[in-house]
Undergrad: 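I am attaching a structure below and will ask some questions about it afterwards.
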Amino acid sequence: MSDTILKVRNIETYYGPIMAIRGISLDVRDGQIATVLGANGAGKTTILKTISGIMDPQKGVVEFDGREIQKRDPDWVMRQGISHVPEGREVFPFLSVNDNLLMGAYTRSDRDAIAKDIELVHSYFPILKERADQPAGQLSGGEQQMLSISRALMARPKVMLLDEPSLGLSPRLVKEIFTIIKRLNVEQGMTMLLVEQNANIALHTADFGYVLEVGRIVMEDTTENLLQKEDIREFYLGIQDHGVRGKRRWKKRKTWR
Amino acid sequence: MRFLFKTDYDQDIRIAKHSGYYWSYGLLLLVVIAAPFFLESYYIGQMTQLYIIAIAGVGLMLLAGYTGLVSLGHAAFFGIGAYTEAVMTGNGIPLPFMDEPMVFSFLVSMPMAAIFAALAGVVIGIPVLRLTGIYLAIATFAFAIVIEEVLSRWESVTNGYTGLLVESLYVGDLELSDGPPFYFLCLGLLILVILMSINLLRSPTGRAMMAIRDSEISAQSMGVNLARVKTTAFALSAGVTGLAGALFAHKLGFLSPESFTVFQSLELLVLVVVGGIGSLHGAIFGAMFVLALPQGLAILKDYLPTSIAETPGMEPFIFGLILVLVIIFEPYGIYGRWLKIKHYFQMFPVYKRATFKRQKAYMKSERLK
Amino acid sequence: MFEFLQLVVGGVSIGCIYALVALGFVLIYKATEVVNFAQGELMMLGAFLAYTFISILGWNYWVGAAAAIICMFFAGNLVDRVFLRPVLGQPQFSIVMVTIGFGYMARSAAGMMPGWGTETYAISTPFSSEGMQLIPESMGSLVISQTDLSVIIATVILCAVLYTFFTHTRLGIAMQASSQNQLAAYYMGIPVKAVFSMIWGISAAVAAAAGILLAPTTLIDTSMGFIGLKAFPAAVLGGFGSIPGAVVGGLIIGIIETLAGFYLPPGFKNVAAYVVLLIVLVVRPQGLFGQKTGKRV
Amino acid sequence: DQGIYDDKIVLGSHQPLSGPVALWGVPVTNGMRMAVDEANEKGGVNGRMIELIVEDSAYQQNKAAQAGDKLLKKDKVFALVGALGTPTNMVTMPRALKMGVMNIFPVTAANEMYEPYHKLKFGGFTPYSDQMQAAVKYFVENKGIKKIGVLYQDDDFGKNVLHGCENQAKDMGLPEVIKTNFKRGSKDFSSQIAQLKSEGVELVCLGTIIGETIGSMATAKKIGYDPIFVVSSAGYVPENISLAKGLTEGLYGTSQTPIPYYDEATPEVKAWMDDYKKRFGDDAVLQSIAGYDAMNVFIMALEKAGPDLTAEKAAEAIESIKDYQSIFGGAPYSFSAEDHLGPDARNSARLSQVVGDRWKLIGPISY
Amino acid sequence: MSLFKAENLAINFGGVKAVDGVNFEIEKGECFTIIGPNGAGKTTIFNLISRIYDSTDGTMTFDGQDITKVPPHAIASLGIARTFQNIELFEHATVLQNLLVGRHCHSRTGLFSELAFLPSVRRAEVAHREKVEEVIDFLDLQHYRESLISNLPYGVRKVVELGRALCTEPKLILLDEPSSGLNVEETQDMSFWIDDIKKDLGITVLMVEHDMKLVSEVSDHVLVLNYGRMLAHGSPQDVQNDPEVVKAYLGE
Ligand SMILES: Nc1ncnc2c1ncn2[C@@H]1O[C@H](COP(=O)(O)OP(=O)(O)OP(=O)(O)O)[C@@H](O)[C@H]1O
Ligand SMILES: Nc1ncnc2c1ncn2[C@@H]1O[C@H](COP(=O)(O)OP(=O)(O)OP(=O)(O)O)[C@@H](O)[C@H]1O
Ligand SMILES: [Mg+2]
Ligand SMILES: [Mg+2]
């Protein structure tokens with residue numbers, strides 16, 4: 001098995017007095033896609049933010065390539081090779097779409113390669129080419145999401161942290177995005193940590209999965225195994241056993257709590 | 001630790017959330033009522049000044065803190081209130097059916113001061129409805145400059161730069177505009193203004209103001225008439241500030257346009273932010289800051305060697321330094337810190353260290369609102 | 001006719017002064033979205049430094065001016081490090097308060113500094129303030145002084161350089177990006193803290209240049225920074241955040257002021273510029289060159 | 001009365017120690033301190049030491065009101081001496097008088113400092129308006145001037161200058177003066193100067209201080225306009241020469257006391273200037289003299305008033321001063337029960353002119 | 001008669017024709033869904049209906065009234081409420097306060113009575129509270145009543161926004177991607193709520209959504225947009241089988 005490139009050990013992160021994650025450890029192996037599943041407010045975003053230095057953990061260690069990176073400035077972390085597609089389309093609203101993409105490649109200096117990558121991104125999302133000179137703030141929600149993903153690609157990172165990349169995208173684009181993700185992973189060996197509400201597609205794309213509940217990891221396994229588990233099938237994939245009533249109004253308790 | 005059990009809706013609507021409020025604010029009230037019987041006249045004067053500034057602070061807080069509209073021109077409303085008061089109780093106003101200009105009782109002139117200032121608020125409020133942020137701040141600033149010019153040019157009424165003497169107020173033989181009587185007048189008005197603000201803030205208009213501050217578009221979609229609420233906010237804010245101006249006129253005793261410049265506007269803004277933007281407590285804390293700090297420094301100077309104490313510019317230097325330190329220490333103002341300390345004691349056995357620890361923060365363009 | 005033109009020339013000269021100061025405001029705003037209320041004080045410090053080098057230490061004018069500008073670059077850096085970095089990312093309002101507080105401190109500190117103090121000073125400059133004829137003497141009289149000309153030329157050059165910097169260099173665009181969304185800028189690997197220190201440095205250097213150029217006209221004292229009160233509306237009139245806007249705004253205010261002073265009754269000179277500003281803002285809320293910033297939902 | 005103790009007399013003053021006018025506040029304060037120290041070194045006044053408390057007014061009314069309240073009510077001073085500024089005195093003087101505290105020789109040449117009459121207030125400086133009346137008379141009579149213009153700061157100080165010119169013009173039956181003004185802190189005078197030029201003004205009376213004096217003369221020179229300029233005592237300062245690099249050559253200035261030039265000074269003044277420099281590390285300037293003189297005269301009166309001091313008695317003691325001449329060569333001080341202004345308003349101004357790097361005395365003027 | 005009708009609706013931004021001659025009608029009591037690729041103009045239609053944008057062409061009729069030119073703040077009192085794609089809550093206020101703002105279009109108290117907090121104001125406030133509590137119960141928000149919005153996770157915010165819209169007691173509710181960012185379980189809840197809104201509260205629903213499962217479960221009619229133009233129109237099953245729709249939107 002390949003080496004662990006990103007190692008999270010026992011981190012605790014607070015929002016003021018609120019403890020959002022409570023001692024979490026996880027590993028992302030080089031060349032693999034790991035995914036974190038969890039309900040709303042479980043703390044998935046917080047994990048990613050802690051890794052990329054947006055938030056400081058109170059305790060614990062984040063190790064990247066054998067080096068501790070917690071509590072550093074996010075730009076420094078990024079320059080080590082971790083690129084983060086944040087939740088909620090953080091574009092630069094008054095810069096043109098093109099300038100947004102260029103900012104994605106801020107840490108790179110090879111002009112030709114950057115130009116090539118822009119073309120590549122345009123081929124993935126032709127609409128970004130059409131809108132190249134429009135301020136990004138005027139794009140539609142889905143277009144901003146495409147921009148946000150493309151921008152992270154422009155950095156050519158070693159590890160990509162993806163926070164709900166499919167948010168607000170059309171079914172066709174969701175499929176395309178995950179094809180691209182998989183392709184980048186396979187062809188360029190890019191490592192990814194993926195957080196996604198669409199558990200079905202996430203589990204089918206990823207190699208290894210963690211299940212998060214109110215700030216704690218309650219289950220971890222390869223995605224093949226996870227896909228077999230009944231709780232996962234029921235609560236994350238929405239596949240119900242036949243025989244039970246088709247639509248239920250009550251919330252069934254999860255077995256692992 | 002205190003647990004609150006809610007049994008009816010009224011509980012949320014009431015001013016005092018629980019019995020602790022009655023105790024703490026009752027005690028505070030008792031102290032401020034008793035104060036003039038114990039204090040030296042100098043300190044009575046200072047407290048009076050504090051109340052006046054706090055009223056103006058509440059006025060600006062309604063606009064900047066709750067509606068999110070920043071004004072760099074509140075000194076103008078302050079000035080309009082002050083001059084209205086001085087003219088109406090002093091030289092009086094010539095009325096068509098009277099031979100002599102009519103001199104008014106303060107019972108008339110003070111409300112009029114507030115009303116004139118409120119009207120001025122509407123006059124500036126309406127044209128600048130579409131402005132936000134720095135543009136609004138500068139528009140109000142420009143307006144204030146125009147008002148300052150009017151105050152200095154309209155010599156027949158304001159006496160221009162020569163200045164206008166403010167008459168003292170009497171009720172019978174009792175001088176109302178000085179000493180303890182004035183103290184109680186200002187205190188009473190401050191309490192009145194605070195109560196009205198609290199009322200407003202727990203009613204639909206107040207909520208609409210806060211809605212506008214956070215998101216104009218969705219406020220609008222919920223049926224908030226932006227133009228109307230903003231104009232109301234301007235008028236109220238200006239009116240309250242004008243009332244403070246009327247009191248200030250008596251406190252100062254002599255008005256000239258130089259008392260109402262952009263620096264006074266800036267000082268009010270400092271008050272609001274340092275106190276803690278978006279809370280009425282903040283207005284009071286802020287008033288203490290802008291008033292008590294220079295006073296404290298002045299008193300401190302008595303104990304320093306003359307050569308240091310009288311170094312030119314020492315006072316503003318320390319003022320600036322403390323302003324900077326306060327904000328660096330607590331960007332959410334004194335009230336923000338107060339809340340944390342209160343929280344600490346309320347949660348006492350189970351508080352968490354992290355409460356006081358500041359997470360990294362990231363600014364986002366406020367041009368989009 | 002020439003009287004009118006002469007007034008316009010006068011208006012342009014003073015307008016460029018406002019523009020030069022306004023540029024400093026715009027720079028910091030463009031890169032950090034903070035309105036720097038201490039911009040005038042940076043200018044004052046720059047002028048005092050130049051005074052120290054040129055008049056007290058007796059250096060050559062150009063050397064002294066360059067040294068002052070460089071020193072102010074580092075001073076601007078330092079101001080950011082010491083006062084602004086601790087509040088980085090906090091609400092804009094708080095940051096503005098820090099600049100106000102710093103303004104108080106800078107003004108008083110300059111007043112307490114031995115050799116500076118509360119008096120007024122001048123620097124001897126190579127530019128003469130005698131009038132030069134702009135047109136053949138036989139046609140009439142239209143003059144401008146070298147001092148004014150130096151301000152105008154510097155304004156034009158600085159405006160062009162800074163405009164190019166912001167729109168065409170990567171660092172310039174990164175600066176704009178940092179102001180629009182700090183979080184995203186960090187995600188892109190833009191060293192936001194260093195960028196902010198850099199822009200404070202640049203802005204302080206521009207302020208110093210302005211202070212040095214203005215010294216013959218405004219003289220140097222601790223309160224010379226109050227000219228910011230005029231430069232501020234100028235920047236807003238042009239559209240806060242727009243570099244050409246700052247210059248155009250400054251010119252408009254300068255010219256209107258001068259014409260109003262001549263043709264209108266006394267008092268209008270003081271308010272004419274502000275009245276025009278109000279009218280412009282009512283018609284164009286984003287100023288003349290400002291981006292329209294409606295929020296998309 | 002308050003402020004009098006067995007061993008000391010407490011006096012107060014407020015000065016602009018910060019802000020744009022600090023340049024005046026500092027030397028005035030020093031001057032006053034020097035007078036106090038000298039008195040105390042000699043054993044005080046009738047056995048009492050003098051304590052002087054100075055507050056910063058920043059030249060703002062609000063601050064001055066605060067400072068005044070502190071001095072009057074907290075420090076309980078016996079008198080306010082040499083407080084600087086018209087607007088600031090306008091808020092503190094009524095407070096002092098109301099409490100029976102004297103307001104002595106405020107450092108401002110506004111008429112309100114001694115008019116209307118009050119037992120406890122005394123002025124020490126020739127009003128600007130009287131200075132200008134004398135100056136206008138001089139130029140009309142000696143230079144044949146007909147057309148007079150006034151460029152004044154848009155505040156009380158500037159108005160005083162304007163009124164002086166207007167009154168004198170009216171008294172002498174001249175055409176109405178051309179007036180144009182500017183806001184304090186202005187840097188640009190092109191429209192005002194253009195206006196004066198286009199009206200053909202021959203004598204420009206300046207209600208300006210430093211920057212504006214230089215700025216307006218520079219503007220005039222630039223467009224080739226060359227009238228006579230005269231400035232009141234507010235602009236009769238060495239800076240108007242040292243900062244102007246020749247632009248103010250030929251400017252006239254009125255004053256009450258001459259600027260102390262060390263090499264021209266009498267031995268007595270020289271010694272005084274040396275002493276000042278030793279105490280404060282700075283060269284003495286005209287403002288230092290103003291502060292020193294004001295305090296000195298008051299101390300003299302306190303001595304005269306005798307050991308059981310009251311405000312009444314101190315006032316009477318001042319009123320008894322006649323023809324007091326200070327070492328600095330200004331106009332003499334005389335008071336009486338009706339006249340609370342030290343110098344004689346009509347006959348106390350002197351005219352000087354900028355020649356090279358000096359203000360050169362032309363002679364006393366009067367109207 | 002239909003509750004809402006758009007005829008030949010169009011808007012362009014500079015050169016971009018975001019919406020281009022769109023016609024549709026919504027019947028009372030139905031759930032009408034608009035789907036389409038990203039940037040097709042769905043949200044723009046919502047913005048046109050809530051009058052944030054002025055249409056360049058076309059008319060909109062609601063409840064028999066032409067609303068093409070009514071001011072934006074009047075829309076709520078006519079009976080149209082909406083949620084936003086990117087969530088536009090009042091961040092610095094509590095959930096309760098947010099919901100109470102939803103009652104704004106029903107408040108009739110005057111400024112001066114509010115300043116004095118007259119008994120009439122108190123009564124009105126209590127009445128608003130009662131209504132808000134109903135919504136809180138309906139959406140299971142009890143737990144979050146006093147939380148600040150800025151401390152809430154994304155999913156809860158979505159629900160609060162829905163609640164705020166319900167507080168206006170609308171006739172027509174516009175939901176912009178109600179399920180985005182929700183997990184399967186929560187999407188399931190959302191689908192029940194939409195059903196209840198439609199059936200129990202009798203509110204007509206106009207929705208934009210990308211989750212085809214949800215769309216099929218709750219919608220009666222579906223309109224497909226592409227590049228601002230109408231691509232297809234029909235029942236959820238019909239449009240999902242339309243080859244054009246598959247090509248442009250669903251993907252193979
Ligand atoms: N700014 C904040 N202040 C206070 N608490 C917060 C803040 N942001 C998040 N939280 C809390 O932290 C917890 C974890 O939040 P987080 O955003 O990491 O969840 P998530 O799993 O990403 O949820 P979602 O699926 O909705 O994105 C939540 O319970 C939330 O209430
Ligand atoms: N204010 C505006 N200025 C310029 N272009 C705009 C504006 N609003 C929308 N657009 C453009 O109109 C198109 C339609 O946008 P809209 O937001 O309606 O898309 P959408 O169908 O909601 O897409 P999504 O599913 O991604 O949210 C987009 O391409 C967008 O760039
Ligand atoms: Mg999340
Ligand atoms: Mg959309």
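Numbered from 1 within each chain, the chains take letters A, B, ... in sequence-line order.
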Undergrad: I need the residue from G89(C), P86(C), S178(C), A110(C) with the largest number of non-hydrogen atom pairs under 4.5 Å to chain B.
TA: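 Heavy-atom pairs under 4.5 Å are most numerous for G89(C).
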Undergrad: Shortest non-hydrogen contact from F317(B) to M105(C)?
TA: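 Nearest heavy atoms, F317(B) then M105(C): CD1-O, 3.4 Å.
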Undergrad: Do you know the tightest heavy-atom contact between M97(C) and L323(B)?
TA: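 The answer is O-CD2, 3.9 Å.
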Undergrad: How many angstroms lie between CZ in F83(C) and CD1 in I327(B), if you round to the nearest 0.5 Å?
TA: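 F83(C) CZ to I327(B) CD1: 13.5 Å, rounded to 0.5 Å.
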Undergrad: Can you name the nearest heavy-atom pair linking S94(C) to P331(B), along with the distance?
TA: OG-O, 2.8 Å
Undergrad: So what's closer than 4.5 Å to chain C heavy atoms on F319(B): side chain, backbone, both or neither?
TA: side chain
Undergrad: Counting only heavy atoms closer than 4.5 Å, note whether V272(B) contacts chain C via side chain, backbone, both or neither.
TA: neither
Undergrad: Identify which of L321(B), V326(B), I318(B) forms the greatest number of heavy-atom pairs closer than 4.5 Å to chain C.
TA: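 Highest number of pairs under 4.5 Å: L321(B).
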Undergrad: Go through the atoms of L281(C) and report whether side chain, backbone, both or neither lie under 4.5 Å from a heavy atom of chain B.
TA: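 L281(C) touches chain B through backbone and side-chain heavy atoms alike.
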Undergrad: Checking heavy atoms, do the side chain of L277(C), its backbone, both or neither come under 4.5 Å from chain B?
TA: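 The answer is the side chain of L277(C).
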Undergrad: Taking all atoms of both residues into account, what is the closest heavy-atom pair of Q92(C) and M363(B), and its distance?
TA: CG-SD, 3.5 Å
Undergrad: Look only at the side chain of R130(B) and the backbone of R284(C), and say whether a donor-acceptor pair between them is shorter than 3.5 Å.
TA: no
Undergrad: Is V280(C) close to chain B through its backbone or its side chain, or both, or neither, when contacts mean heavy atoms under 4.5 Å?
TA: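 Nothing of V280(C), per the 4.5 Å heavy-atom cut-off to chain B.
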Undergrad: I'd like to know which of F93(C), Y274(C), Y186(C) tops the heavy-atom pair count under 4.5 Å against chain B.
TA: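 Option with the greatest count: Y274(C).
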Undergrad: Distance check, rounded to the nearest 0.5 Å: R153(B) atom CZ versus F268(C) atom CZ?
TA: 9.0 Å
Undergrad: Under a 4.5 Å heavy-atom cut-off, does chain B meet the side chain of F226(C), its backbone, both or neither?
TA: side chain
Undergrad: Picking from T32(C), V271(C), V275(C), which has the most non-hydrogen pairs under 4.5 angstrom with chain B?
TA: V271(C)
Undergrad: For the candidates I145(B), L131(B), I322(B), V274(B), which exhibits the highest count of non-hydrogen atom pairs separated by less than 4.5 Å from chain C?
TA: I145(B)
Undergrad: Contact part of L88(C) toward chain B, heavy-atom cut-off under 4.5 Å: side chain, backbone, both or neither?
TA: backbone
Undergrad: For chain C, which candidate among L269(B), V262(B), L129(B) shows the most heavy-atom pairs at distances under 4.5 Å?
TA: L269(B)
Undergrad: Please determine, among P285(C), G287(C), G290(C), the option with the most heavy-atom pairs under 4.5 Å with chain B.
TA: P285(C)
Undergrad: Below 4.5 Å, heavy-atom pairs only: which of A137(B), S152(B), P316(B) has the largest tally toward chain C?
TA: P316(B)
Undergrad: Within the 4.5 Å heavy-atom criterion, are I138(B) and F240(C) side-chain neighbours or not?
TA: no
Undergrad: Taking side chain as C-beta onward, heavy atoms only, is L229(C) less than 4.5 Å from F263(B)?
TA: yes
Undergrad: Taking side chain as everything from C-beta outward and backbone as N, CA, C, O, which of these in V276(C) sits under 4.5 Å from a heavy atom of chain B? Side chain, backbone, both or neither.
TA: neither
Undergrad: Verify, without hydrogens or angle tests, whether Y362(B) (side chain) and Q182(C) (backbone) share a donor-acceptor contact under 3.5 angstrom.
TA: no
Undergrad: Return the option, out of F141(B), F329(B), F143(B), with the maximum number of heavy-atom pairs under 4.5 Å with chain C.
TA: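 Top count of heavy-atom pairs under 4.5 Å with chain C: F141(B).
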Undergrad: Picking from I277(B), V324(B), L325(B), which has the most non-hydrogen pairs under 4.5 angstrom with chain C?
TA: V324(B)
Undergrad: Below 4.5 Å from any heavy atom of chain C, which atoms of L72(B) appear? Answer side chain, backbone, both or neither.
TA: side chain
Undergrad: Looking at V87(C) and I328(B), what are the two nearest heavy atoms and their distance?
TA: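 V87(C) and I328(B) have their closest heavy atoms at CG1-CA, 3.8 Å.
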Undergrad: Working to the nearest 0.5 angstrom, can you tell me the gap between I134(B) CD1 and F232(C) CZ?
TA: 4.0 Å
Undergrad: Compare every heavy atom of A142(B) with every heavy atom of L278(C), then report the nearest pair and how far apart it is.
TA: CG-CB, 4.0 Å
Undergrad: With a 4.5 angstrom heavy-atom cut-off, is it the side chain or the backbone of V282(C) that approaches chain B, or both, or neither?
TA: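 Both the backbone and the side chain of V282(C) come within 4.5 Å of chain B.
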Undergrad: Nearest 0.5 Å please: distance from the CD atom of E330(B) over to the CD atom of Q90(C).
TA: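 The CD atom of E330(B) sits 8.5 Å away from the CD atom of Q90(C).
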Undergrad: Identify which part of L266(B) has an atom lying under 4.5 Å from any heavy atom of chain C, answering side chain, backbone, both or neither.
TA: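 Contact with chain C is through the side chain of L266(B) alone.
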Undergrad: Go through the atoms of T222(C) and report whether side chain, backbone, both or neither lie under 4.5 Å from a heavy atom of chain B.
TA: neither
